[in-house]
Protein chains: 4
Amino acid sequence: MPTAQQASTGRRRNPATRAAILATTFDVVAELGYARLTIEKVAARAGVGKQTIYRWWPTKGALVLDAVLERSLGPGEPVDLPDTGDLEEDLTAVLVATVEEFADPAFDRALRGLTAAIIEDPELGQAYRERLDEPMRELKRRRLRRAQEVGQLDVDVDLDLAVDLIFAPVTRRWTERSGDLTPEGVRAIVRHALRGLAGSA
Amino acid sequence: MPTAQQASTGRRRNPATRAAILATTFDVVAELGYARLTIEKVAARAGVGKQTIYRWWPTKGALVLDAVLERSLGPGEPVDLPDTGDLEEDLTAVLVATVEEFADPAFDRALRGLTAAIIEDPELGQAYRERLDEPMRELKRRRLRRAQEVGQLDVDVDLDLAVDLIFAPVTRRWTERSGDLTPEGVRAIVRHALRGLAGSA
Amino acid sequence: MPTAQQASTGRRRNPATRAAILATTFDVVAELGYARLTIEKVAARAGVGKQTIYRWWPTKGALVLDAVLERSLGPGEPVDLPDTGDLEEDLTAVLVATVEEFADPAFDRALRGLTAAIIEDPELGQAYRERLDEPMRELKRRRLRRAQEVGQLDVDVDLDLAVDLIFAPVTRRWTERSGDLTPEGVRAIVRHALRGLAGSA
Amino acid sequence: MPTAQQASTGRRRNPATRAAILATTFDVVAELGYARLTIEKVAARAGVGKQTIYRWWPTKGALVLDAVLERSLGPGEPVDLPDTGDLEEDLTAVLVATVEEFADPAFDRALRGLTAAIIEDPELGQAYRERLDEPMRELKRRRLRRAQEVGQLDVDVDLDLAVDLIFAPVTRRWTERSGDLTPEGVRAIVRHALRGLAGSA
DNA sequence: TCGTAATCGAGACGGTACGTCGTGTCTTTCT
DNA sequence: AGAAAGACACGACGTACCGTCTCGATTACGA
């Protein structure tokens with residue numbers, strides 16, 4: 001894990017090696033999926049010793065999580081969700097963008113791999129929530145809070161409930177590969193979800 | 001898959017062997033999870049030759065799907081969802097029952113295993129949808145259709161959308177191990193989802 | 001080990017595979033020596049899975065012992081030592097033949113490898129003694145016994161002592177790569193050893 | 001090898017470190033044998049960096065040779081073999097003392113390790129001969145030369161042959177762990193060897 | 001009394017091999 | 001023909017060491 005602080009003496013960790021491993025991991029999971037991802041393959045393709053991977057990542061899952069994080073977050077800081085004043089439009093835009101990412105086979109497979117790993121590994125799940133899900137969720141909560149302030153959303157509703165209600169149906173259709181994921185389908189979900197969460201005004 | 005039709009001559013497939021394999025598979029996935037489930041382990045524990053498993057199931061995933069199906073559906077025929085007239089109450093009851101099943105570690109792990117397999121394997125996903133998800137979904141649609149007939153649900157709303165809006169948030173909280181899965185939490189989801197789907201009357 | 005008797009059911013051990021492994025093992029020790037002999041290399045060159053080697057031989061040493069045995073003893077039965085009536089001449093001939101075998105680099109390295117393994121592994125040492133050393137030693141004792149019968153050797157002398165006195169100096173010169181291993185050098189050893197063991201007649 | 005001459009400037013080699021490494025090496029080879037001796041283990045146990053070992057010794061074998069030399073020769077200078085006038089008695093005493101050293105498991109294993117290394121490594125063999133074997137052999141030759149002078153040994157016999165004839169059988173019984181290594185067994189070897197080498201007087 | 005040069009502990013790194021486990025196939029024998 | 005037993009080629013596991021390579025700290029000498 002990248003937070004391990006360096007001991008006072010000895011050779012230091014090579015950041016280029018770390019980057020090469022994560023980039024290769026992403027490529028391999030995008031190409032073969034999580035089940036056929038192999039530490040050995042990653043090491044070989046990255047031109048790295050296996051031990052170097054095992055030294056820094058405890059499991060395949062942790063490796064994939066870091067790889068996806070590195071690729072998703074990149075160097076920049078997280079931007080806010082759009083706020084044009086039209087809540088339904090803004091959320092639909094976000095979800096349509098998400099669906100478009102899923103349409104990229106590489107990203108699709110990488111994310112499926114990560115998800116498969118998370119379902120079976122509680123510790124990895126926690127890391128995922130803290131480092132990927134929670135930051136994104138905070139952005140969503142923020143947008144919805146603003147909607148509450150302008151009376152577009154019921155001020156009594158729990159924001160996490162609201163987020164789940166709006167976003168979970170799309171996620172489900174993706175993981176189970178069933179249901180309508182077109183822009184219209186996504187907009188219908190947002191519309192009905194928001195209707196249930198609407199402010200009384 | 002068990003639908004292979006029997007050739008005219010020679011020894012017939014032994015149903016007791018099939019049952020033993022599926023029961024053992026369920027136990028193993030419940031104990032070790034999908035990742036550490038092994039055909040060899042199943043064969044050994046079931047007192048069965050490996051070939052016997054390979055003869056009838058093409059992949060680990062197909063085996064687990066059958067094992068879960070066998071356990072879930074059991075011998076009886078699927079019953080309808082409750083219909084007391086109070087839609088929110090009925091759906092909350094169904095979801096609370098689901099959450100209670102998740103609380104059984106064996107079932108939880110078995111289902112997580114199956115889900116992990118499905119995410120990465122499109123073919124298995126299709127089999128899952130046809131044999132497990134669609135029958136359940138049909139029951140849900142049926143209940144919602146009755147709600148439409150009595151004016152509790154917008155007649156214009158797509159029933160699959162409605163099902164996703166109501167059920168997906170709970171599923172998401174389970175797979176990602178985050179969010180409120182208490183009866184109250186579940187009821188809140190149902191309430192707000194139904195508000196968005198309510199009939200205009 | 002080749003004495004394991006076959007269980008009643010299941011696939012049988014493939015004798016061709018066994019032979020390929022032993023032949024390859026001999027080649028590899030002869031080429032690289034014992035220290036750089038690798039189970040993996042043997043498996044790869046023999047076109048065999050590693051497990052197949054581990055299934056039948058517990059250690060590198062056991063493998064090399066079998067390889068040397070297979071090559072040395074071959075199919076035929078052990079022949080007697082020469083008996084022309086001239087004891088010194090006969091023994092010198094035997095030792096000169098041995099030294100000539102050592103002159104073959106392949107045999108030399110294979111035997112050095114086996115010897116290195118034996119020195120550090122008591123169990124392997126016992127196997128070596130029972131299966132290679134003792135049969136050879138019996139032939140030597142037999143020749144010396146005949147010498148006792150015709151009065152060329154002290155009848156009171158222990159035959160194992162006699163064998164050691166005659167053969168050990170040559171072996172030592174070989175293992176330590178020091179001392180005269182020419183036919184004349186070998187003959188000198190035999191002459192002086194026999195003088196110490198001579199019959200009183 | 002420790003003969004590298006010191007460059008004019010910079011920090012000098014630490015003799016305490018050298019001693020610690022050799023002492024640890026001896027302990028490790030005595031405990032685990034040569035095959036399981038590891039530079040890493042020695043470094044760790046001696047509290048020394050790996051590089052410090054690699055800087056001064058080219059191979060495991062060289063390290064073990066130095067370790068055995070350090071322990072065997074110690075600080076003092078080599079003493080002569082006993083000379084009571086009774087050659088058989090003196091040589092038997094020497095060999096019995098040797099056998100007693102072999103009885104110490106630590107020494108036994110260390111020496112076996114060294115021997116195993118030597119058998120396969122010609123260069124190491126040469127170093128061994130020059131630094132350990134030859135000095136000992138010179139002492140033996142010296143004693144035998146005195147025996148020639150007093151007519152107890154054939155003056156025409158080559159002294160190296162004589163040494164081999166007397167000492168090799170005992171060494172062989174040790175390396176192959178077979179044959180009589182009791183004082184009586186050893187004395188019998190000496191007696192018969194000397195009979196073959198006896199002076200004509 | 002500094003700077004230069006080597007030693008030394010520590011430990012990352014690219015590799016090779018270990019010995020084990022599992023895969024999916026094949027062979028043998030029994031039912 | 002179905003099934004248990006188990007050999008087999010193969011691929012990956014996670015670990016141990018190899019020998020090399022920084023690092024930073026520590027001596028020692030010579031200018």
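So that the names make sense, note that chain A is the first sequence line, chain B the second, and so on, each numbered from 1. What you see below is based on every heavy atom in this structure, not just the backbone, and it leaves out hydrogens, waters and symmetry mates.
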Check this one for me: any side-chain N or O of [X] less than 4.0 Å away from OP1 or OP2 of [N]?
X       : N      : answer
A:Trp56 : E:dG11 : no
C:Thr9  : F:dG6  : no
D:Arg12 : F:dC29 : yes
C:Thr52 : F:dA9  : yes

Using a strict threshold of under 4.0 Å (side-chain N to carboxylate O), is an ion pair present between C:Glu31 and C:Arg45?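 So C:Arg45 pairs with C:Glu31 through a salt bridge.
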
Between A:Arg109 and B:Glu120, does at least one N-O distance fall below 4.0 Å, as a salt bridge requires?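 No.
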
Starting from [atom2] on [N], measure out to [atom1] on [X] and report it in whole angstrom.
X       : N      : atom1 : atom2 : answer
D:Arg45 : E:dG9  : CZ    : C1'   : 19 Å
A:Tyr54 : E:dC13 : OH    : C1'   : 16 Å
B:Lys60 : E:dG22 : NZ    : C1'   : 10 Å
A:Ile53 : E:dA12 : CD1   : P     : 15 Å
C:Arg18 : F:dA9  : CZ    : P     : 15 Å
A:Asn14 : E:dG11 : CG    : C1'   : 14 Å
C:Ile39 : E:dA17 : CD1   : P     : 12 Å
A:Arg13 : E:dA10 : CZ    : P     : 22 Å

On DNA chain E, does the nearest nucleotide to B:Leu37 precede the nearest nucleotide to C:Arg36 from the 5' side, or the other way round? Give the residue.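 Final value for this comparison: C:Arg36.
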
C:Glu40 or B:Gln51: which one's nearest nucleotide on DNA chain E is closer to the 5' end?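 Going by which nucleotide is closer to the 5' end, it is C:Glu40.
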
Mark yes or no for a side-chain to base donor-acceptor pair under 3.5 Å between D:Arg11 and E:dT7, with no hydrogen or angle criteria applied.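 It does, because a donor-acceptor pair links the side chain of D:Arg11 to the base of E:dT7 below 3.5 Å.
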
Would you say the side chain of A:Lys50 and the base of F:dG14 hold a donor-acceptor pair, judged only by whether the two atoms sit under 3.5 Å apart?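 By the distance-only test, yes, there is a pair.
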
Does the structure place the NZ or CZ of A:Arg13 under 6.0 Å from the centre of the six-membered ring of A:Trp56, at an angle of no more than 45° from the ring's axis?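 Yes, A:Arg13 and A:Trp56 form such a contact.
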
Apply side chain to side chain contact (heavy atoms under 4.5 Å, CB included) to the pair A:Thr24 and A:Ile21, showing each step before the final yes or no. CA-CA 5 Å; A:Thr24 306; A:Ile21 290 167; 5.9 Å; no

Partner of D:Trp57 by side chain to side chain donor-acceptor pair (under 3.5 Å), out of D:Thr52, D:Asp66, D:Thr25: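 Testing each of D:Thr52, D:Asp66, D:Thr25 against D:Trp57, the sole residue satisfying side chain to side chain donor-acceptor pair (under 3.5 Å) is D:Asp66.
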
Of B:Gly47 and C:Thr17, whose nearest nucleotide on DNA chain F comes first from the 5' end?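 Upstream on the strand: B:Gly47.
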
If you check every side-chain atom of C:Thr38, which of E:dT28, E:dC13, E:dC18 has the closest atom?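 Ranking E:dT28, E:dC13, E:dC18 by closest atom to the C:Thr38 side chain puts E:dC18 first.
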
